[in-house]
Q: 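Below you will find the structure I want to go over with you.
Proteins get letters first, then strands, A, B, ... in listed order; numbering begins at 1 in each. Values below: every heavy atom of this structure, side chains too, minus hydrogens, waters and symmetry copies.
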Number of protein chains: 2
Amino acid sequence: MEKKIFIGFLKDKGQRFTKERAAILQKTLSYHGHFDPESLYLKIRETGLKASRASVYRTLNLLCECGLIDKVRKTEHGTIYEYTFGHKHHDHMLCIMCGNTIEFCSEDLERLHEGLCTKQNFRGVNHTFEIRGYCKKCQKKRR
Amino acid sequence: MEKKIFIGFLKDKGQRFTKERAAILQKTLSYHGHFDPESLYLKIRETGLKASRASVYRTLNLLCECGLIDKVRKTEHGTIYEYTFGHKHHDHMLCIMCGNTIEFCSEDLERLHEGLCTKQNFRGVNHTFEIRGYCKKCQKKRR
DNA sequence: AATGATACTGAGAATCAATCTCAATAAAAA
DNA sequence: TTTTTATTGAGATTGATTCTCAGTATCATT
Ligand SMILES: [Mn+2]
Ligand SMILES: [Mn+2]
Ligand SMILES: [Zn+2]
Ligand SMILES: [Zn+2]
């Protein structure tokens with residue numbers, strides 16, 4: 001399914017679905033949570049597949065363009081991605097102590113998005129909402 | 001006022017309020033909107049004041065630590081800051097066509113922040129909400 | 001004022017994610 | 001087959017940010 005979409009996307013741009021791109025797509029889909037380009041690159045090498053870092057970066061950009069994945073956040077250590085196609089949109093809470101992220105969906109937030117855009121004459125395409133603070137575990141540790 | 005706070009913050013850490021730090025604080029306060037370290041550095045040089053890039057980066061980190069400024073967002077061209085002390089918290093809409101940002105305050109959003117944290121047993125400290133899309137002007141240009 | 005301890009500065013080096021270069025290669029088109 | 005076009009990867013490059021460290025400034029104590 002995702003393969004079809006990616007191939008179609010590439011065809012429209014006059015580009016090709018190579019085995020490197022296939023490997024990168026496959027490993028991308030294998031992630032359930034967030035991931036970064038370097039660990040994707042290592043995962044590919046571990047499994048005997050082949051693709052250079054350059055191709056990983058290039059292909060992740062293509063996958064973003066065609067809407068299969070999204071950039072979650074830029075950190076001081078690089079960009080975090082997640083596979084989003086077919087997943088319900090969600091937002092994140094980020095623990096500033098342990099680094100864990102909690103994902104959540106909020107209908108209220110989606111409604112608020114619409115309302116705010118209407119009020120400002122803004123044509124909203126997407127949003128990110130990130131709450132930083134302390135997760136349950138770290139609240140205890142801290143005290 | 002801000003100077004007092006910064007000086008107090010530095011004193012508590014056993015650090016000093018030097019003329020370089022004074023220059024950086026002064027120019028930081030002179031920004032009404034968002035800014036980046038490089039243009040702050042250039043602004044300082046233009047006005048005959050002196051501070052190296054290293055000191056600019058170091059001092060911006062200190063100003064973040066003491067709560068006078070905040071990082072707004074990380075872009076592919078670096079970090080965007082804004083002077084937030086004494087300003088009501090706000091969030092942003094970002095035009096993906098012209099790059100303009102719209103600032104807005106939403107009580108509903110603040111309430112939602114609280115509600116979501118309660119539901120997830122998360123101790124929220126702060127949040128960022130960013131809506132990406134097309135501003136009024138760019139909607140017209142696009143069609 | 002002199003001494004010693006500590007913090008600060010800036011020039012340039014180092015770091016590191018991300019992109020670019022470009023010659024070799026593969027796939028598609030003619 | 002020949003020609004055209006897209007892709008690849010190794011290594012170079014870029015660019016923001018941080019680090020290094022020797023020289024300087026500031027503070028505290030005598
Ligand atoms: Mn997620
Ligand atoms: Mn702002
Ligand atoms: Zn935690
Ligand atoms: Zn615009």
Side-chain angles (χ1 to χ4, degrees), chain A residues 3 6-28 34-46 48-66 69-82, chain B residues 3 6-28 34-46 48-66 69-82:
Chain A
K3 197 192 262 192
F6 192 34
I7 291 175
F9 168 81
L10 289 171
K11 188 158 285 170
D12 288 350
K13 296 187 67 178
Q15 298 189 209
R16 297 162 189 169
F17 185 67
T18 64
K19 48 182 160 321
E20 288 81 2
R21 286 173 181 170
I24 293 164
L25 175 61
Q26 185 205 310
K27 293 306 175 196
T28 291
H34 297 181
F35 68 93
D36 63 278
E38 179 66 11
S39 52
L40 175 57
Y41 168 70
L42 294 175
K43 182 181 265 207
I44 286 171
R45 310 208 80 211
E46 277 167 20
L49 295 170
K50 279 219 219 76
S52 67
R53 279 192 182 81
S55 288
V56 167
Y57 280 103
R58 283 188 287 237
T59 304
L60 287 177
N61 282 335
L62 291 170
L63 290 171
C64 275
E65 256 188 77
C66 88
I69 67 174
D70 272 323
K71 297 185 180 182
V72 176
R73 156 181 10 112
K74 278 178 182 294
T75 77
E76 29 291 323
H77 313 299
T79 303
I80 308 290
Y81 292 86
E82 72 184 343
Chain B
K3 197 192 262 193
F6 192 35
I7 290 175
F9 167 82
L10 289 171
K11 188 158 286 173
D12 287 350
K13 296 187 68 178
Q15 298 189 210
R16 295 162 188 168
F17 185 67
T18 63
K19 48 182 159 319
E20 288 81 3
R21 286 174 180 169
I24 293 164
L25 175 61
Q26 185 206 310
K27 293 306 174 196
T28 291
H34 297 181
F35 67 93
D36 63 278
E38 179 66 12
S39 52
L40 175 58
Y41 168 71
L42 294 175
K43 182 180 265 209
I44 285 171
R45 309 207 82 209
E46 277 168 19
L49 295 170
K50 280 219 220 74
S52 66
R53 278 191 182 83
S55 288
V56 167
Y57 280 101
R58 282 189 286 236
T59 304
L60 288 178
N61 283 334
L62 290 170
L63 291 172
C64 276
E65 256 187 77
C66 88
I69 67 175
D70 272 323
K71 298 184 181 184
V72 176
R73 156 179 10 111
K74 278 178 180 295
T75 78
E76 30 291 324
H77 313 300
T79 303
I80 308 291
Y81 293 85
E82 72 184 344

Q: Which letters describe nucleotides 22-30 of chain C, given B = protein heavy atom under 4.0 Å from base, S = only from sugar-phosphate, - = neither?
A: ----BBS--

Q: Establish, with yes or no, whether the OP1 or OP2 oxygen of C:dA18 is under 4.0 angstrom from a side-chain nitrogen or oxygen of A:Arg53.
A: no

Q: Any N/O pairs under 3.5 Å between the protein and nucleotides 11-13 of chain D? List them or say none.
A:
none

Q: Checking A:Tyr41 against A:Leu60 for the side-chain contact (heavy atoms from CB on, under 4.5 Å) test, could you report, in this order, the C-alpha distance in whole Å, the side-chain angles of both residues, the deciding distance, and whether it holds?
A: CA-CA 11 Å; A:Tyr41 168 70; A:Leu60 287 177; over 6 Å; no

Q: Let me know the distance between NZ of B:Lys50 and P of C:dG10, rounded to the nearest Å.
A: 9 Å

Q: Quick check for you: among C:dC8, C:dA18, D:dG9, whose closest atom lies nearest to any side-chain atom of A:Ser55?
A: D:dG9

Q: Which of the following nucleotides, D:dT18, C:dT9, D:dT7, is nearest to the side chain of B:Tyr57?
A: D:dT18

Q: Looking at every heavy atom in both A:Ala51 and A:Ile44, which two are closest together, and how far apart are they?
A: N-CG2, 4.1 Å

Q: Which residue lies toward the 5' end of DNA chain C, B:Tyr41 or B:Arg21, if each is placed at its nearest nucleotide?
A: B:Arg21

Q: Can you tell me how the ring of A:Phe35 sits relative to the ring of A:Tyr81, calling it parallel under 30°, perpendicular over 60° and tilted otherwise?
A: parallel

Q: Within the 4.0 Å heavy-atom criterion, would you say A:Asp36 contacts the bases, only the backbone, or no part of the nucleic acid?
A: nothing

Q: Go nucleotide by nucleotide along DNA chain D from the 5' end; which of A:Phe17 and B:Thr79 gets its closest nucleotide reached first?
A: A:Phe17

Q: Would you name the heavy atoms of B:Arg16 and B:Leu10 that are closest together and state the gap between them?
A: O-CD1, 3.5 Å

